[in-house]
Structure formats: C-alpha cells, structure tokens
Amino acid sequence: MQVIHSVVELRARLARESNIAFVPTMGNLHAGHVALVEQARQQGTCVVVSIFVNPLQFGPNEDFDKYPRTLEADCAKLLGLADVVFAPAVDEMYPEPQSFYVELPPIASELCGAHRPGHFRGMATVVLKLLNLVQPQVALFGKKDYQQLAIIRQMVMQFNLPVAIVGGETVRAEDGLALSSRNQYLTPAERTEAAQLHLILGKVSESLANGSRDFDVLEKVAEAALAKRGWRVEYVSIRSQHGLGKPQVSERKLVVLAAARLGVTRLIDNLEVCL
Ligand code: PAF
C-alpha cells in the first residue's frame, strides 16, 4: 500500500491503472469505511482511498478544527485492503483559494442543507476535484449520508462524469446506532441515548409498512418523541428515495431521514422503506 500526499505523485501512480475503485473519506476510519473499502475490492483491481478533511464543507461554527485526524491509525486499518491512500494537505488540494464551485439544485438546500448552509456546495466541489484526480471507474459512498449520495449521483449524471457511483449499506453498532466519526463526541450517557434515533426511525418505517400515509403526522410524532427525550431535532422527513423529493402517497420507494443533536453532537440517520 502506498501513501501519497501530492497530486503529481498520485497522477503518476494511477496513470497505468484502468480499473480503479475509489472510496473518498475524511479519515478517522471505522468499520463502516472498512466495509466500503472491502466492497471496493470487489469492484476494481486498484483500490484508492482518499483521506482529506475538507475545509470547504464545514461552516464557521462547525467542527473542522476538532475533527479527528488519525492518519497513522487509518493507514493501519487499510493495510491489505487499499493499494493507494491519497492524503493531501489542504494547500495541495487548494493551492489557491477555491473560487469555482459546483452550483447545486434546490434539493441541496433542504434537509441537512437547510441546517448546514454551504455544506453540500463544499462537499460536491471536493468530490468533483477528487474524481478528476483519481479518475476511477467506480466510486463508493456510504448510505448513511443519504442526501450526500443523492447529490453526488445527480452531479455525476448531469456532468456526464465517466464513473459509476455505488452506495454502501450503513454499518451499525449492536444497539443500532449508525457508525460515524462524530459518535466519539458523545458522553457515555449520550451514547446510550443515541440508539433511540435509529429506533424511532424504525417506528416510522413500521407505520409506513403498516399502511399509514399521513407523512406529516408520522414526521411530527417522531420529532416530538425525540424532543421529549432531550434531543434538539433538526428534522425527521419522509422522502422519495429517488431524488429525495416529497413523495406522493402512491410512492413505494421511500426513505425516512433525520438529523438531531444530543448535547454538542449532531447525528444523522436514515432508513429506506420499500413497500
Ligand atoms: O462523506 C464524507 O466523508 C465526505 O463528505 C466526503 C465525501 C469524503 C467529501 O469530503
């Protein structure tokens, strides 16, 4: 496994590869990332993982400075799984201030986009740059960041980028909490409570499976259940899987998405519901 920090070296190393599977990450890898990299192994003969905490996708009051940077431990987890780790410094990715950005469709201002202005713009811009640098045949993203995955799929399609986008299933702890690098910000009591997010989404999913179609009521009941337990809820929302628009009652492929804060930690989760 080669760890590469420069764009020039990356391009030289990948020039001879014609079947690259790429997993972009911000590092601090957990079992969810490892599962994606294992999936990538099945998809390409050269597996590239990027590790880059992208300043463009963090708001001024967000956790860019305290986001865990654990390159050595990450590389140890990738040994035997990845062929190349691309870990650029910020000025390698942005040698001059980035002034060109991906302009996003209105769906990127809903759900998480409504609470993290500029986040998806910064995310889509770095993903476009990374795809240009690595030029993979396949790129894999976790379904835990469902809205991110939907935006990337649309961007790749509308810009005719020659890459197949694959979504990896969310990996969960035993109690159902979706694995996330931000889980480590939780206090022990919050960590116990955190499993409720998945449980409450499970109840919404159950109601949908039982025929309930009053989406607004289901969303409000779930939001109230979380709020009563001390969560600061940003949203619980039932959407169409495809495009994430508000669904018709006849829609059969739904996803229930949520974002809420426990103490200082913002957690997101979602459950796909196929009726
Ligand atoms: O999901 C992430 O880790 C990041 O948003 C990504 C896709 C690596 C872009 O910085």
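Read the numbers this way: they start at 1 and go in the same order the structure lists the ligands and their atoms.
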Legend entry - Closest approach of any protein heavy atom to atom 9 (C) of ligand 1, naming residue and atom: Q57 OE1, 3.4 Å
Legend entry - ligand 1 versus M26: contacting region, heavy-atom distance under 4.0 Å: both
Legend entry - Numbered atoms of ligand 1 (with element) below 4.0 Å of P24, judged on heavy atoms: 8 (C)
Inset, instruction - Answer yes when D175 and R191 have at least one side-chain N-carboxylate O distance shorter than 4.0 Å, and no when they do not. - result: yes
Inset, instruction - Decide whether an N or O pair under 3.5 Å exists between T25 and ligand 1. - result: no
Inset, instruction - Below 4.0 angstrom from a heavy atom of M123, which ligand 1 atoms are there? Numbered from 1 as shown, please. - result: 5 (O)
Inset, instruction - Could you list which atoms of ligand 1 come closer than 4.0 Å to a heavy atom of V126? - result: 9 (C), 10 (O)
Legend entry - Under 3.5 Å: donor-acceptor pair, side chain of K144, backbone of S180: no
Inset, instruction - Check whether NZ of the Lys or CZ of the Arg K66 lies under 6.0 Å from the centre of the six-membered ring of Y185 and within 45 degrees of that ring's axis. - result: yes
Legend entry - Nearest-neighbour protein heavy atom for atom 1 (O) of ligand 1, which is reported as residue plus atom name and distance: Q148 NE2, 2.8 Å
Legend entry - Y67 and F58 aromatic ring geometry - parallel, tilted or perpendicular at 30°/60° bounds: perpendicular
Legend entry - Qualifying residue, where the test is salt bridge (Lys or Arg N to Asp or Glu O under 4.0 Å) with R261 and the options are E190, E234, E193: E234
Inset, instruction - Kindly check if the number of other-residue, nucleotide or ligand heavy atoms within 6.0 Å of CZ (R69) is above 12? - result: yes
Inset, instruction - For ligand 1, note which part of I152 has a heavy atom under 4.0 Å away: side chain, backbone, both or neither. - result: neither
